[in-house]
Amino acid sequence: HVNARECFLYDTADITSNDWCGTVAAPYTNGMQVGGSQAGITGLMSWLGYLWVGKEDALYRVNNVAVIDKVDDFRHLRHALNCRAMCAWGQWLYYGVQDSVRATLQNGNIHEVRQVGPGLGQGLPEDRRGNIVDLIASSHFIYAAIDGSIEDATTAFSSVWSFNLGESDQ
């Protein structure tokens, strides 16, 4: 099933097949819809044995027995760039939601979601604000690429920022 607004998961029975539309194994016989068709899919990530599906309005976790959990609902902040940027660092999955970064901690079936910045406190300088378009984790920092041109192309600047939440949060 191909539709940029819908996500149906299929699993082929023949892992040596190059045909992604081959014989479909249970429980995926009819596909599984992840979220509604109103919001587009913006990112996919494999982390801690789960498939994480980012959409314009929410983040979902899919396990290997066809269970879909909505981890974070941000439909009031729906945007085409939400969840485009995702990375794992320590026990947390980080993802961009408009001009901010959120993180979720995977602990069994419990998800803790945090707003981690860069808009916390005073936030970024006015001319450095914009949508999070990429996140990369290193051994000590997470780097966020911010597209300032999205906010105001005449006065804003794109930039790269780093942050470290400390050893206790990794």
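Residue numbers run from 1 in the order of the sequence given.
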Is there a continuous path of hydrophobic side-chain contacts, each under 4.5 Å between heavy atoms, that joins [X] to [Y]?
| X | Y | answer |
| --- | --- | --- |
| Y143 | W92 | no |
| I146 | F141 | no |
| V160 | Y94 | no |

Between [X] and [Y], which heavy-atom pair has the shortest distance, and what is it?
| X | Y | value |
| --- | --- | --- |
| N82 | E56 | ND2-O, 3.0 Å |
| M45 | L93 | SD-CD1, 3.5 Å |
| D57 | R78 | CB-CG, 4.2 Å |
| G54 | C83 | CA-CB, 3.5 Å |
| S100 | Q115 | OG-NE2, 2.6 Å |
| N131 | D99 | OD1-N, 3.8 Å |

Could you give the distance from [atom1] ([X]) to [atom2] ([Y]), rounded to the nearest 0.5 Å?
| X | Y | atom1 | atom2 | answer |
| --- | --- | --- | --- | --- |
| R102 | L59 | CZ | CG | 10.0 Å |
| Y50 | N63 | OH | CG | 6.0 Å |
| D134 | R84 | CG | CZ | 7.5 Å |
| T42 | H79 | OG1 | NE2 | 11.0 Å |

> Are any side-chain N or O atoms of K55 and backbone N or O atoms of Y60, one a donor and one an acceptor, separated by less than 3.5 Å?
Replying inline: no
> With no hydrogens and no angle check, is any side-chain donor or acceptor of W47 less than 3.5 Å from a backbone partner on W52?
Replying inline: no
> Taking side chain as C-beta onward, heavy atoms only, is T104 less than 4.5 Å from R61?
Replying inline: no
>> Is the shortest side-chain heavy-atom distance between L135 and W89 below 4.5 Å?
In response: no
>> My understanding is that only one of V101, I136, I142 makes a side chain to side chain contact (heavy atoms under 4.5 Å, CB included) with C87; could you say which?
In response: I142
>> Assess the residue pair Q98 and F74 against the criterion (side chain to side chain contact (heavy atoms under 4.5 Å, CB included)); give the C-alpha distance rounded to whole Å, side-chain angles, the decisive distance to 0.1 Å, and a yes or no.
In response: CA-CA 10 Å; Q98 286 192 352; F74 36 86; over 6 Å; no
>> Quick one about D72 and Y95 (side-chain donor to acceptor, distance below 3.5 Å, no hydrogens or angles considered), yes or no?
In response: yes
